Amino acid sequence: MRNIDLDTRVGELRRVINLHNYMYYVMDSPIISDSEFDLLFDDLLDMEKNHPELVSDDSPTQRVGGLPSDRFNKVEHPSPILSLSKVNHAVETKNWFDRMVKLDSRVATTKFVVEPKIDGLTVVLHYDKGMFVRGCTRGDGYIGEDITNNLRTIMSLPLRIPIKEFIETPDNLVVRGEVFIDNHAFDRLNENLSEKGEKVYINPRNAASGALRQLDPKVTASRPLSLYCYDLVVDGGSQITNQWDALIYLESLGFPISNSCVLCENIQSVIRICDEWQDDRQDLGYDIDGLVIKIDDFNLMSNLGIVGKDPRGAVAYKFPADEVTTEVVDISVNVGRTGILTPYAILRPVSVGGVVVKQATLHNLDFVQEKDIRIGDSVIIKRAGDVIPYVVASLPSLRTGIERVFKPPSRCPSCNNNIVTYDDVVGLYCTNSVCPDQVVRYLEHFVSRPTLDIDGFGKGIARLLVESGLIEDVADIFSLDRKDLLQLDGFADKKVDRLLLAIEESKKRTINRLIEALGIRGVGAVASVGLSRKFGSLDKLSKARVEDLLHLDGIGPNIANAIVHWFNQPNNQLILKKLKLAGFWPVLDNEDDIHKGVLYGKIFVITGKVQDWSRNDLKSYITSHGGLVTGKVTSKTNYLLVGENPGSKLEQARKLGVIEIDIEALQELAS
Ligand code: IVH
């Protein structure tokens with residue numbers, strides 16, 4: 001006999017958990033704490049354990065339920081997935097519009113929806129009476145592969161719709177969307193893979209594709225996949241007649257929808273939006289290769305018909321290429337702060353996206369070998385937004401025979417010391433702790449904005465101080481002598497006073513920022529806060545054992561080992577001794593002493609160019625002080641940081657009454 005009461009309780013618990021998942025993963029605004037959520041989740045796990053007959057496919061406990069399979073089944077799509085013809089700029093967009101008006105005069109007064117064209121993988125999601133029953137890849141557009149169990153692991157994908165009550169459950173619904181990995185998650189994924197000594201992915205699209213094609217859903221679950229839906233293929237009886245309403249409907253059911261979609265009244269406004277997006281796309285946080293412009297009215301759209309595989313009523317607006325071909329003139333090697341040797345390509349200068357690029361990182365030696373990049377090769381390089389230009393591929397078919405294979409150095413190019421490899425990480429390392437290039441890089445990190453934030457201590461000064469012998473390790477900055485500094489080229493009284501004052505001032509930094517400054521492999525801002533909370537002082541942290549460290553957020557065995565190793569090194573112990581002697585030895589008295597950041601809870605948008613600051617520097621400055629940077633000005637934005645040649649965001653901010661600040665005001669806020 002079924003226990004109706006228990007049935008209802010389990011059903012209600014599931015609904016509440018699904019709703020909280022939705023608030024967290026789709027809306028980005030959780031309404032309960034993680035621990036409250038865990039209590040609910042554990043309750044449900046308990047009930048399902050005691051009553052296995054109540055476990056159902058839409059239970060949030062069943063996201064990673066599927067067993068590994070040996071292949072994916074083929075599935076026919078309910079309607080073929082078409083492609084899109086392309087337009088490259090305003091003139092072509094207008095021509096497309098004019099062609100349609102000729103075919104159907106109603107186009108002249110129609111509205112359009114402009115959506116980001118996410119560079120991910122198309123998926124087709126089937127819901128039967130509200131239950132997610134099947135999810136497929138695009139395949140050849142007619143037949144895809146059944147990857148239901150992998151898709152179920154994507155936390156923003158609703159297992160049951162509607163998420164909220166009071167909305168009717170659609171009968172049979174098919175939705176299309178794009179699965180992707182955002183840039184931040186991609187970087188973290190690659191960092192983790194490389195820490196484990198595994199191969200890294202070249203771009204977020206490949207990483208997402210790799211994750212979706214895993215035969216074991218557990219592996220997919222460990223990958224940070226995101227989803228945006230944009231197409232209502234079978235409407236579940238909702239009788240929606242236009243794209244904008246379809247997006248609103250999908251959103252109301254609980255599907256994740258990009259909040260960058262725009263309804264445009266006419267083609268002029270479409271063209272303006274496309275133009276604005278050229279600048280704004282780098283702030284999105286995920287890769288888009290253009291925009292999709294769609295006629296809003298479904299009826300008009302279908303009347304316009306299809307040419308080949310492309311519907312007439314929608315186009316892909318492509319952004320100018322951020323990839324170009326050039327030549328590798330030479331390959332050289334940089335020494336990083338941890339001693340890692342990073343090869344980079346010296347390129348025949350070439351303009352990409354309006355910037356002349358002369359160098360591109362080659363990540364590590366494995367990358368050079370895997371991509372078979374040779375000196376003299378033609379290569380494709382990519383520069384997306386603020387990302388450091390990198391080599392996408394070499395073009396062996398263009399070789400003439402004079403290309404040379406790069407020979408990795410056998411000694412450190414900076415200090416001529418031996419170089420070594422480690423088991424747990426990729427790459428070659430110089431182990432000489434007084435290697436000049438290493439010390440310079442370490443010093444740059446030590447004084448940088450997120451760590452000690454020493455005003456006026458730029459990269460030039462770091463190199464000068466190391467090369468002149470005034471600094472052997474980072475802690476020496478606290479014993480710099482005024483007279484010695486005055487001997488240096490370009491250092492007059494005022495400059496020296498200012499620098500010494502800024503160094504003295506930096507001794508007020510909190511313990512977590514000092515821990516981050518130490519530059520221990522894998523210990524960034526988040527781990528530093530965790531370590532400060534747990535240990536409270538460097539005296540205690542320096543005595544920590546691997547097992548004391550393992551339970552902290554974001555610290556796995558590799559990082560735990562790296563921490564213990566760091567504190568065991570005599571040269572690092574010397575650094576600590578000097579810091580203590582200098583009186584820079586912060587301890588944690590209470591939670592307030594942790595630098596959560598004075599900008600905590602504040603949302604920033606950046607527009608225009610700020611002199612001497614890259615976009616990435618600005619972002620990390622704001623986030624390291626606890627703030628959040630988003631791409632679009634909305635009513636939630638607290639501040640617009642305005643640089644030279646601001647874009648349309650300024651206009652939008654003024655409309656919404658958002659406070660405008662310049663870089664000085666930002667630094668003031670953060671101090
Ligand atoms: S609509 C008729 N909307 O772009 C085709 N596609 O060539 C309808 N894509 O592979 C596509 N974001 O996966 C549409 N907001 C969006 C999209 C989008 C990305 C991809 C899609 C397809 C390609 C279209």
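Numbering of residues begins at 1 and proceeds along the displayed sequence. Order of listing sets the numbers, starting from 1, for every ligand and every atom in it. Every value quoted in this text rests on a predicted model; they were computed, and no experiment measured them.
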Between Glu115 and ligand 1, does any nitrogen or oxygen pair lie at a separation below 3.5 Å? yes
Test your reading of the structure: does Leu82 have an N or O sitting under 3.5 Å from an N or O of ligand 1? no
Step by step, would you call Phe37 with Asn21 a side chain to side chain contact (heavy atoms under 4.5 Å, CB included)? CA-CA 9 Å; Phe37 181 86; Asn21 264 338; 3.6 Å; yes
Compute the centroid of each ring, for Tyr621 and then for Phe604, and state whether the two points are separated by less than 6.0 Å. no
Within a strict 4.5 Å, meaning less than it, do heavy atoms of the Asp57 and Arg152 side chains meet? yes
Please evaluate residues Lys117 and Leu291 with respect to the criterion side chain to side chain contact (heavy atoms under 4.5 Å, CB included), reporting the C-alpha separation (whole Å), side-chain torsions for both, the decisive distance (0.1 Å), and the verdict. CA-CA 5 Å; Lys117 185 168 183 305; Leu291 300 166; 5.5 Å; no
Using a strict cut-off of 4.0 Å, indicate which atoms of ligand 1 neighbour a heavy atom of Ile118. 12 (N), 19 (C)
Just jot down the ligand 1 atoms closer than 4.0 angstrom to any heavy atom of Leu84, in number order. 2 (C), 5 (C), 7 (O), 24 (C)
Closest non-hydrogen atom pair between Ile273 and Cys264, with its separation: CG1-SG, 3.9 Å
Determine, using ring centers only, whether Tyr286 and Tyr228 are less than 6.0 Å apart. yes
Just distances here: any N/O of Thr122 and N/O of ligand 1 closer than 3.5 Å? yes
Would you say ligand 1 has an N or O under 3.5 Å from any N or O of Ser83? no
How does Val292 reach ligand 1, by side chain, by backbone, by both or by neither, if only non-hydrogen atoms under 4.0 Å count? side chain
State whether a side-chain donor-acceptor pair under 3.5 Å links Ser85 with Asp310. no
Would you mind running through ligand 1 and noting each atom that sits below 4.0 Å from a heavy atom of Pro311? 2 (C)
Check for me whether Pro116 has a heavy atom closer than 4.0 Å to any atom of ligand 1. yes
Of Arg176, Lys86, Lys294, the residue with the heavy atom nearest atom 3 (N) of ligand 1 is Lys294
In the protein, which heavy atom is nearest to atom 21 (C) of ligand 1, and how far is it? Tyr230 OH, 3.3 Å
Distance col, row Ile181:CD1 vs Asp187:CG, nearest 0.5 angstrom, shows 11.0 Å
Could you tell me the residue and atom name of the protein heavy atom closest to atom 23 (C) of ligand 1, and the distance to it rounded to 0.1 Å? Lys117 NZ, 3.7 Å
